[in-house]
Structures are given as structure tokens and as C-alpha cells.
Amino acid sequence: MTETTDTTGTTAQNEGDTLSHLEQEGEIAADYLEGLLDIADLDGDIDMDVEADRAAVSIINDGSSRDLQKLVGREGEVLEALQELTRLAVHRETGDRSRLMLDIAGFRARKREELAELGAKAAQDAKGSGEPVKLRPMTPFERKVVHDAVKEAGLRSESEGEEPQRCVVVLP
């Protein structure tokens with residue numbers, strides 16, 4: 001007797017398990033962030049999604065986002081810290097390391113657009129000059145967006161240096 005296995009069912013089940021796990025991460029993060037907003041006496045709605053195999057949580061405000069800017073901080077420094085704290089809260093509940101992305105008042109979305117343009121321009125400069133183009137030091141999130149933009153432009157890039165001075169070099 002020959003035994004057969006249905007690999008498509010298993011794959012679909014694994015994808016479903018991953019999706020439900022990411023949705024659970026988003027729920028835990030949303031609860032944590034709602035508590036934070038209450039403590040800080042700030043208004044904001046929480047939006048949850050799954051993007052590129054990671055939970056994505058956004059705090060948005062229909063009115064003035066000036067209050068939420070306090071949670072973004074200068075150049076997103078407070079946002080980065082809140083993201084790490086939120087990831088720790090998720091880790092505490094699930095026992096798994098989280099890759100959750102947090103956005104506040106659209107800061108990260110706007111930053112992603114700016115960085116994609118920067119990556120495309122650096123790729124264009126590297127093609128034109130035939131020389132590597134070294135960019136300013138960036139956070140891991142920023143480097144990832146630039147690497148993706150350079151790859152989309154058909155070139156290669158690599159990160160060099162040590163944190164916090166790690167930067168992207170676009171290769172011709």
C-alpha cells in the first residue's frame with residue numbers, strides 16, 4: 001500500500017497558522033498601545049494589518065495629529081523605542097520574538113516613501129558615475145527600505161559599518 005500526503009493542505013494550514021499568529025501579535029500590541037494612550041491621555045485609533053509576513057499596527061488620529069507627534073519624537077526616535085517596547089509586550093505574551101512594525105500618525109509611511117526615492121536616486125547616481133554611492137547612517141528599517149528600492153532599480157547594495165553608524169552603499 002502506498003501512502004500519499006497532501007502538501008498543499010499542509011502549506012495552506014501553515015499559512016493560516018502564521019496569519020492567525022500575526023493577527024494575535026497585532027491584538028496584543030493593540031491592547032498594549034491602547035493602555036499606553038490611556039495613560040498618556042492621548043486620542044488615537046489603532047489599525048491592525050499583516051504586511052510582508054509581519055504584524056503592522058498603526059496609531060492614527062482623525063483630528064490634529066500634533067498630540068501623536070509626541071509619540072513619534074524627533075526623527076522617529078520615540079516611535080522606535082515604542083516599537084521595541086511593544087515587541088517586548090508581544091514577546092512576553094507569546095514567548096516568540098516579534099517583528100511587528102509600528103507606525104504613528106503616518107510617520108513611517110511617509111518615511112518609507114522618502115527613503116524609496118533616496119534609494120532610487122542613489123541607484124541612478126551609481127549607474128551614472130560608475131562609482132559606489134555611500135549614504136548617511138540609517139536605522140535597520142531605513143536601510144531595508146533603501147535596499148529594496150536599489151534592488152528594484154536593478155542594482156546591488158550592502159550595509160557597512162557598526163550601529164549606530166551603519167549605512168547603505170549602493171554598488172554600480
Side-chain angles (χ1 to χ4, degrees), residues 19 22-23 25-90 97-128 132-161 163-171:
L19 182 61
L22 293 174
E23 288 170 345
E25 280 190 18
E27 292 287 337
I28 294 167
D31 289 345
Y32 176 78
L33 292 166
E34 281 177 8
L36 177 79
L37 289 173
D38 287 344
I39 291 168
D41 195 27
L42 296 172
D43 290 327
D45 295 322
I46 297 181
D47 184 37
M48 295 177 296
D49 201 2
V50 174
E51 299 173 359
D53 295 333
R54 62 171 57 184
V57 179
S58 300
I59 301 175
I60 52 178
N61 191 336
D62 294 337
S64 167
S65 63
R66 179 165 286 165
D67 284 347
L68 291 181
Q69 290 304 316
K70 296 173 187 173
L71 298 179
V72 173
R74 193 185 59 148
E75 294 298 313
E77 291 170 341
V78 176
L79 170 59
E80 289 290 335
L82 287 174
Q83 177 175 274
E84 287 307 310
L85 289 172
T86 305
R87 286 176 174 177
L88 285 171
V90 170
R97 182 179 171 273
S98 174
R99 296 177 50 234
L100 174 131
M101 288 295 292
L102 175 63
D103 192 5
I104 299 175
F107 175 83
R108 209 177 280 278
R110 287 188 303 277
K111 191 77 165 173
R112 185 177 281 124
E113 287 177 22
E114 292 170 13
L115 291 164
E117 288 175 18
L118 176 67
K121 183 182 180 323
Q124 189 177 22
D125 292 349
K127 275 183 189 175
V133 175
K134 185 174 182 176
L135 301 175
R136 65 172 173 74
M138 298 179 186
T139 66
F141 161 76
E142 293 171 328
R143 291 193 310 268
K144 169 77 168 102
V145 174
V146 171
H147 285 305
D148 290 347
V150 169
K151 183 177 181 181
E152 192 172 300
L155 289 183
R156 230 173 35 85
S157 59
E158 53 190 38
S159 293
E160 70 176 34
E163 296 291 352
Q165 296 301 313
R166 197 157 171 80
C167 61
V168 174
V169 178
V170 180
L171 305 170

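On a predicted model such as this, the values are computed, not experimentally measured, just so you know.
With sequence neighbours excluded, the residues that form a salt bridge (charged side-chain N to carboxylate O under 4.0 Å, His left out) with D148 are K144. Every residue meeting the side chain to side chain contact (heavy atoms under 4.5 Å, CB included) condition with D125, not counting sequence neighbours, appears here in chain and number order: K121, V133. Scored by the salt bridge (charged side-chain N to carboxylate O under 4.0 Å, His left out) test, D49 finds no partners at all (sequence neighbours excluded). R112 pairs by the salt bridge (charged side-chain N to carboxylate O under 4.0 Å, His left out) definition with nothing, not counting sequence neighbours. For E142, the salt bridge (charged side-chain N to carboxylate O under 4.0 Å, His left out) test picks out K111, R136, with sequence neighbours left out.
Around CD of Q124, the count of heavy atoms belonging to other residues, nucleotides or ligands within 6.0 Å does not exceed 12. By the neighbour-count criterion of 12 heavy atoms within 6.0 Å, atom CD of E152 is sparsely surrounded, having that number or fewer from other residues, nucleotides or ligands. Crowding of D38 atom CG: a count of heavy atoms from other residues, nucleotides or ligands under 6.0 Å exceeding 12.
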>> side-chain contact (heavy atoms from CB on, under 4.5 Å), that's the test. Do M48 and E23 meet it? Break it down for me.
In response: CA-CA 8 Å; M48 295 177 296; E23 288 170 345; over 6 Å; no

> side-chain contact (heavy atoms from CB on, under 4.5 Å) between I59 and L33: does it pass, once the steps are laid out?
Replying inline: CA-CA 8 Å; I59 301 175; L33 292 166; 4.2 Å; yes

> What do the steps show when you test M101 against S58 for side-chain contact (heavy atoms from CB on, under 4.5 Å), and what is the final call?
Replying inline: CA-CA 8 Å; M101 288 295 292; S58 300; over 6 Å; no

>> Let's go through L155 and L171 carefully: what are the C-alpha distance in whole Å and the side-chain angles of both, what is the deciding distance for side-chain contact (heavy atoms from CB on, under 4.5 Å) to 0.1 Å, and is it a yes or a no?
In response: CA-CA 7 Å; L155 289 183; L171 305 170; over 6 Å; no

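Contact annotation: the side chain of V57 never approaches that of D47 to less than 4.5 Å [non-hydrogen atoms, C-beta and beyond]. At a threshold of 4.5 Å between non-hydrogen side-chain atoms, the residues M138 and C167 do not count as touching. L102 is listed as a side-chain neighbour of L82, based on a closest heavy-atom distance under 4.5 Å. V145 is listed as a side-chain neighbour of F141, based on a closest heavy-atom distance under 4.5 Å. Inter-residue side-chain proximity for K151 and R156 is flagged as unmet; no heavy-atom pair is nearer than 4.5 Å. Side-chain contact check for L85 versus Y32: some heavy-atom pair is nearer than 4.5 Å.
With R143 contributing its side chain and V168 its backbone, the two residues share no donor-acceptor pair below 3.5 Å. Between the R99 side chain and the R54 main chain, no donor and acceptor come within less than 3.5 Å of each other. Looking at N61, its side chain does come within 3.5 Å of a backbone N or O of D43 through a donor-acceptor pair. Side-chain atoms of K127 never come within 3.5 Å of backbone atoms of A122 as a donor-acceptor pair (strictly under, hydrogens ignored). No donor-acceptor pair under 3.5 Å is formed between the side chain of D31 and the backbone N or O of G35. Looking only at distances, a side-chain donor or acceptor of S98 sits under 3.5 Å from a matching main-chain atom of L100.
Residue L42 comes nearest to D67 through the heavy atom pair CD2-CB, 3.6 Å, listed as atom of the first residue, atom of the second, then distance. The minimum heavy-atom distance linking A120 with A149 is given by the pair N-CB, 4.1 Å. G26 and A55 make their closest contact through N-CB, 4.1 Å (heavy atoms, listed as atom of the first residue, atom of the second, distance). Across all non-hydrogen atoms, the minimal contact from G44 to L37 is O-CD1, 3.9 Å. When all heavy atoms of V170 and A123 are compared, the closest pair comes out as CG1-CA, 3.8 Å. Residues S159 and H147 approach most closely at OG-NE2, 2.9 Å, considering heavy atoms.
For the atom pair CG of L36 and OG1 of T86, the computed distance is 7.5 Å after rounding to the nearest 0.5 Å. To the nearest 0.5 Å, the span separating CD1 on I46 from CD on E27 amounts to 10.0 Å.
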List the atom pairs, donor and acceptor, that lie under 3.5 Å between side-chain atoms in residues 71-79 and the rest of the protein, sequence neighbours left out.
residue	atom	partner	partner atom	Å
R74	NH2	E77	OE2	3.1

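Looking at R108 and E80, a side-chain N of the basic residue comes within less than 4.0 Å of a carboxylate O on the acidic one, giving a salt bridge. Between R97 and E25 no salt bridge is recorded (no basic side-chain N to carboxylate O distance below 4.0 Å).
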